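The next block holds one structure in the form of C-alpha cells; read it before the comments.
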Amino acid sequence: MKVGVLALQGDFREHIASITSLGVDAIPVKTAQEISAIDALVIPGGESTTISKLAKAFDLFDLIKARIADGLPTYGSCAGMIMVAREIQDPASGQETFGGIDMVVKRNAFGRQVESFESDIEISGIAGPAFRAVFIRAPWVESYGPGVEILATTLTDGKSHAVAVRQGKVFATSFHPELTHDHRIHRYFLESVVGAQL
Ligand code: GLN
C-alpha cells in the first residue's frame, strides 16, 4: 500500500514521520504520476490558499479532485480540512477546494486571541485517554450535510463546533496530530478509513 502526503506546502514531513512510525510507508507526492499511483492521500496543514494555488499552477488540482471524488481514502488536517470541504465560508479571492466532505468550513475560526492553542478532546472512534489536539490558526466546521459524521467537537463561547469529521473515505481534523507523539489519529485513518492492517 502506498500512502502519499501532498508535498506542495505545509508540514508534510511530520505526517510522513507519524505514518512511518506506525510501520507503514509514506511518500511525499507532488507530481501527477505520483498522485495517480497512491492508495491513500494525506493533505497536511499549512496555508490552504497556497496549496490551492500551487495545485493549480502544477496542474494537479483536477486530478486530486477527481481521485478524491472516485473514493481515494483521504485525510486532511487543518489547511487539509479546508481543502476537502465542499465550500469555504470566507475564501480568499479565487480560492477553491478539492471537496470530498459535504461541509462548509470557516478559516481561522477560533479568532485572533486564541489563534493557536491546545486542548484535550474526546474523539469518537479513538479509544483511550483524551487526545491532546494542537490547533494553529485552525478552521472549524460551520455547517454540514446529513452524510457527515461528527467525530469531535469543541466548545467556544458556549457554541459547539465540529473539529473532526468523516464522510465515507474522507476524514478531516481541524488540529495537527502530526505535531504530537500520539499517533492514534493516523492509526485511525490507516485502519478505519484506508482499511490497512497495522
Ligand atoms: N489558517 C490556515 C489556512 O487557512 C490553516 C492553518 C493550518 O493549517 N495550521 O489555510
Side-chain angles (χ1 to χ4, degrees), residues 3-19 26 28-30 40-58 60-61 64-65 68 74-121 123 131-144 151-154 156-157 159 161-166 170-186 188-189:
V3 180
V5 182
L6 189 62
L8 295 175
Q9 190 263 343
D11 67 341
F12 53 90
R13 291 176 196 85
E14 288 79 356
H15 281 282
I16 291 172
S18 297
I19 295 167
V29 291
K30 56 178 176 201
L41 175 66
V42 175
I43 306 174
E47 181 52 52
S48 57
T49 50
T50 309
I51 295 173
S52 167
K53 265 189 212 150
L54 291 176
K56 282 185 202 161
F58 295 140
L60 303 171
F61 195 92
I64 297 170
K65 188 173 179 157
I68 297 173
T74 301
Y75 167 42
S77 165
C78 202
M81 174 192 249
I82 296 168
M83 292 306 300
V84 298
R86 175 174 54 75
E87 192 182 324
I88 304 171
Q89 178 175 287
D90 46 355
S93 112
Q95 183 179 7
E96 285 181 61
T97 64
F98 301 133
I101 298 183
D102 180 15
M103 62 179 173
V104 180
V105 292
K106 182 175 160 81
R107 296 178 59 213
N108 305 315
F110 291 92
R112 274 177 173 262
Q113 318 83 300
V114 285
E115 270 177 321
S116 301
F117 63 100
E118 296 184 14
S119 176
D120 291 322
I121 62 172
I123 305 170
F131 194 89
R132 185 83 179 157
V134 178
F135 294 84
I136 303 170
R137 291 183 303 109
W140 69 37
V141 178
E142 190 66 31
S143 61
Y144 53 91
L151 304 176
T153 57
T154 54
T156 307
D157 297 334
K159 272 194 163 180
H161 294 280
V163 292
V165 289
R166 175 174 177 183
V170 188
F171 167 58
T173 64
S174 299
F175 52 89
H176 287 263
E178 76 286 3
L179 298 182
T180 66
H181 295 292
D182 187 341
H183 302 309
R184 285 177 293 163
I185 290 283
H186 291 89
Y188 170 84
F189 174 61

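The structure presented is a predicted model; accordingly, all values stated were derived computationally and were not measured. Whatever order the structure lists ligands and atoms in, that order sets their numbers, starting from 1.
- Comment: E142 does not engage K106 in a salt bridge, judged by the lack of any side-chain N to carboxylate O separation of less than 4.0 angstrom.
- Here E96 does not pair with K65 in a salt bridge; the nearest charged N to carboxylate O distance is not below 4.0 Å.
- A salt bridge does not link R107 to D90: none of the charged nitrogens lies less than 4.0 Å from a carboxylate oxygen.
- Using a 4.0 Å cut-off between charged side-chain N and carboxylate O, D182 and R184 make a salt bridge.
- Under the 3.5 Å distance criterion, the side-chain polar atoms of S18 are matched with a main-chain donor or acceptor of E14.
- R166 and Y188 form a side-chain donor-acceptor contact under 3.5 Å, judged by distance and modelled atom types alone.
- Sorted by chain and number, the heavy-atom contacts of ligand 1 below 4.0 Å come from G45, G46, E47, S48, C78, A79, I82, R107, N108, I136, R137, H176.
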